[in-house]
A.B. asks: 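Quick one: the structure is below, and I'll ask about it shortly.
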Amino acid sequence: MSLDNQKTWPHAEGKGEARRDGAPPPRAARRKRLPPLKALKAFESAARLGSFARAAQELFVTQTAVSHQIKLLEEHLGGLLFERLPSGLALTPQGQAIYPSIAAGFEHFEAAMTLLPRPAKVAAQVLVVSALPSFSQEWLIPRLVDFRARWPDIDVLIETDYKMADLAGGTADVAIRFGRGGFGEDLRADLLSTETVTPVCSPSLLKRQPGDYEPSEVAHDFVLLNSSVRMVHEPWMSWDLWLEEVGVEPMDAATGPRFSDPLLILRTAIAGRGMALGRSMLVRDHLQSGRLVAPFPDWVKPILSSYYVVSTVEKSRLERVTVFREWLLEIAAREAAGGFNARGVVEAEPAES
């Protein structure tokens, strides 16, 4: 391109003299250094909604992340923006001074986006998840509505099987595996949750309040539901050690109903037909709703295996796998922090700060 055809710009002074280097004209004054956009958006959301927790839900981040961004903004401005009151959040005078302009700024951003042609709708991504039937039914599926609300363009296909999925050669993008780790260098595995086990039953079987029973009464007052599949590596998933601990002959447990599927054991317990050994993640919702109770809330034993979110290293980098993994870990961590115990009690989360 010849110099004659290049675009020219007038000087900022307005004298009409063209620049021949093709560069835009210098601004009359440089913009002041602005805070990070994330911090400004966290402030706008929290101020508008009056809550760090609701702002976190709107922004699809944790409450801690919102608090961190607010702190960064306060450090940048050199003053507090929110006052923490018993009734909630209130803007300080400094927060009140800047909020209208910041809110207007984001409204301008949204208005600008409406000027662009709407892109063609992207076809939904399909995320294939392999998981045990028991985990899928009792924990994963009831929580998927939250994932769908956050990521409506990702369709989740759950493949259930008691056999371990072939993540390298199969169709699954990610698997929820129950084991002790050590899945191999070609796989990425993130710990989802540890497990405990405690005896559970329908509240219709109790003649006294949970906690008023002694462990020694387990074989005398209740029909014990058994699994026909022996988990050799998980000794507390069999009634033998429980009975031995309270001085009862293990043979006393051998006469109860036996099932090959843990879901059948759980459903039989919910129906009031006996007592089952309930793993914490599988009975959590049932204890919280009252469908099951733990007569011996302090009689809890460890499970040596844990739940892991597993995928190949290559697939772990896919967006649909990344967001699903992060969502799973966030939900599990939130529930663990909620203080759930064998009594079916969920303690209140800490107040906003």
Side-chain angles (χ1 to χ4, degrees), residues 131-146 158 160-162 176 178 192-215 217-231 234 236-243 246 248 252-303 305 307 331-332 335-336 338-347:
L132 292 168
S134 54
F135 178 84
S136 299
Q137 179 170 311
E138 302 301 336
W139 194 89
L140 179 57
I141 292 175
R143 290 158 178 77
L144 276 181
V145 63
D146 179 75
I158 301 178
T160 59
D161 202 327
Y162 286 109
I176 313 299
F178 186 64
L192 179 64
S193 177
T194 56
E195 279 265 80
T196 59
V197 61
T198 191
V200 296
C201 67
S202 167
S204 65
L205 297 183
L206 299 190
K207 298 177 181 178
R208 305 193 298 273
Q209 291 296 316
D212 291 343
Y213 286 84
E214 293 296 329
E217 299 176 85
V218 65
H220 303 300
D221 289 16
F222 303 96
V223 174
L224 304 183
L225 305 177
N226 294 276
S227 173
S228 61
V229 180
R230 187 80 171 183
M231 299 177 67
E234 296 293 351
W236 291 107
M237 285 308 299
S238 168
W239 282 109
D240 292 355
L241 281 184
W242 297 84
L243 298 180
V246 295
V248 178
D252 291 351
T255 58
R258 307 182 74 82
F259 305 87
S260 63
D261 191 326
L263 280 175
L264 292 178
I265 298 177
L266 195 56
R267 292 299 156 185
T268 303
I270 293 172
R273 298 297 182 262
M275 178 172 289
L277 291 172
R279 287 176 14 206
S280 53
M281 290 198 80
L282 303 186
V283 301
R284 177 189 179 94
D285 291 351
H286 297 300
L287 288 171
Q288 186 174 352
S289 67
R291 290 186 292 269
L292 289 174
V293 292
F296 321 102
D298 298 322
W299 203 20
V300 180
K301 300 300 181 181
I303 291 291
S305 298
Y307 284 104
I331 295 296
E335 292 186 354
F340 186 85
N341 56 41
R343 296 177 185 270
V345 176
V346 180
E347 298 173 1

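If you're wondering where the values come from, they're calculated on a predicted model, not measured in any experiment.
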A.B. asks: Please check if the side chain of Asn226 supplies one atom and the backbone of Leu224 the other of a donor-acceptor pair under 3.5 Å.
C.D. replies: yes
A.B. asks: Are the side chains of Met275 and Leu205 in contact, using a 4.5 Å heavy-atom criterion?
C.D. replies: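 A side-chain contact under 4.5 Å is absent here.
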A.B. asks: May I ask you to check whether Phe178 and Phe135 place their ring centres under 6.0 Å from each other?
C.D. replies: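 No, ring centres 6.0 Å or more apart.
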A.B. asks: In Å, rounded to the nearest 0.5 Å, how long is the span from CD1 of Ile158 to CG of Leu140?
C.D. replies: 4.5 Å
A.B. asks: Show the nearest heavy-atom pair for residues Ile265 and Ala276, with the distance to one decimal.
C.D. replies: CG2-CB, 3.6 Å
A.B. asks: Determine whether Leu266 and His286 make a side-chain contact, defined as any pair of heavy atoms from C-beta on separated by less than 4.5 Å.
C.D. replies: yes
A.B. asks: Of all heavy-atom pairs between Ser136 and Pro142, which one has the smallest distance, and what is that distance?
C.D. replies: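 Heavy atoms only, the tightest pair is O-CD, 4.1 Å.
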A.B. asks: Do the side chains of Trp139 and Ile331 get nearer than 4.5 Å, heavy atoms only?
C.D. replies: yes
A.B. asks: Got a donor-acceptor contact below 3.5 angstrom from the Arg291 side chain to the Ser289 backbone?
C.D. replies: no
A.B. asks: Would you say Cys201 and Val293 make side-chain contact, with heavy atoms under 4.5 Å?
C.D. replies: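 Side-chain contact under 4.5 Å: yes.
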A.B. asks: Which atom names give the shortest non-hydrogen contact between Pro203 and Gly290, and what distance separates them?
C.D. replies: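 Heavy atoms of Pro203 and Gly290 come nearest at CG-O, 3.4 Å.
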A.B. asks: Report yes if the side chains of Thr194 and Ile303 come closer than 4.5 Å at any heavy-atom pair, otherwise no.
C.D. replies: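 Sidechains of Ile303 and Thr194: no contact.
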A.B. asks: Show, in sequence, the C-alpha distance, side-chain angles and deciding distance for Leu132 and Ile176, and conclude whether the side chain to side chain contact (heavy atoms under 4.5 Å, CB included) test is met.
C.D. replies: CA-CA 7 Å; Leu132 292 168; Ile176 313 299; over 6 Å; no
A.B. asks: How long is the straight-line distance from OG1 of Thr160 back to CD of Gln137, given to the nearest 0.5 Å?
C.D. replies: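 One gets 9.5 Å once the value is rounded to the nearest 0.5 Å.
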A.B. asks: Restricting to non-hydrogen atoms, name the atom on Val246 and the atom on Pro215 that form the minimum distance, rounded to 0.1 Å.
C.D. replies: CG1-CB, 3.6 Å
A.B. asks: Are the side chains of Leu263 and Pro133 in contact, using a 4.5 Å heavy-atom criterion?
C.D. replies: yes
A.B. asks: Would the distance check show the side chain of Ser193 and the main-chain N or O of Tyr307 forming a donor-acceptor pair, the cut-off being under 3.5 Å?
C.D. replies: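 No.
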A.B. asks: Can you run down the side-chain hydrogen bond (donor to acceptor under 3.5 Å, both in side chains) pairs that involve residues 201-211, sequence neighbours left out, and say none if there aren't any?
C.D. replies: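 For residues 201-211, and leaving out neighbouring residues, the side-chain hydrogen bond (donor to acceptor under 3.5 Å, both in side chains) pairs sorted by first residue read Ser202-Ser204, Arg208-Glu217.
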A.B. asks: Can you tell me how far NZ of Lys301 sits from CG of Leu241, rounded to the nearest 0.5 angstrom?
C.D. replies: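 Leu241 atom CG to Lys301 atom NZ measures 9.0 Å (nearest 0.5 Å).
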A.B. asks: Please find the pair of heavy atoms, one from Tyr162 and one from Ser134, that lie closest to each other, and give the distance.
C.D. replies: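 For Tyr162 and Ser134, the tightest heavy-atom pair comes out as OH-N, 4.2 Å.
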A.B. asks: If I take atom CG from residue Leu277 and atom OG from residue Ser238, how far apart are they, to the nearest 0.5 angstrom?
C.D. replies: 7.5 Å
A.B. asks: Indicate yes or no: does Arg267 engage Glu138 in a salt bridge with an N to O separation below 4.0 Å.
C.D. replies: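 Between Glu138 and Arg267 there is a salt bridge, with a charged N closer than 4.0 Å to a carboxylate O.
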A.B. asks: Among all residues two or more places apart in sequence or in another chain, which pass the ring-ring contact (aromatic ring centres under 6.0 Å, His included) test with Trp236?
C.D. replies: Trp242
A.B. asks: Can you name the nearest heavy-atom pair linking Pro297 to Pro295, along with the distance?
C.D. replies: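 Scanning both residues, the minimum pair turns out to be CD-O, 3.3 Å.
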A.B. asks: Is any side-chain N of the basic residue among Arg143 and Glu335 closer than 4.0 Å to the acidic one's carboxylate O?
C.D. replies: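 Answer for the salt bridge query: yes.
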A.B. asks: Roughly how far, to the nearest 0.5 Å, is the CZ atom of Arg279 from the OG1 atom of Thr198?
C.D. replies: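 If I round to the nearest 0.5 Å, the distance is 14.0 Å.
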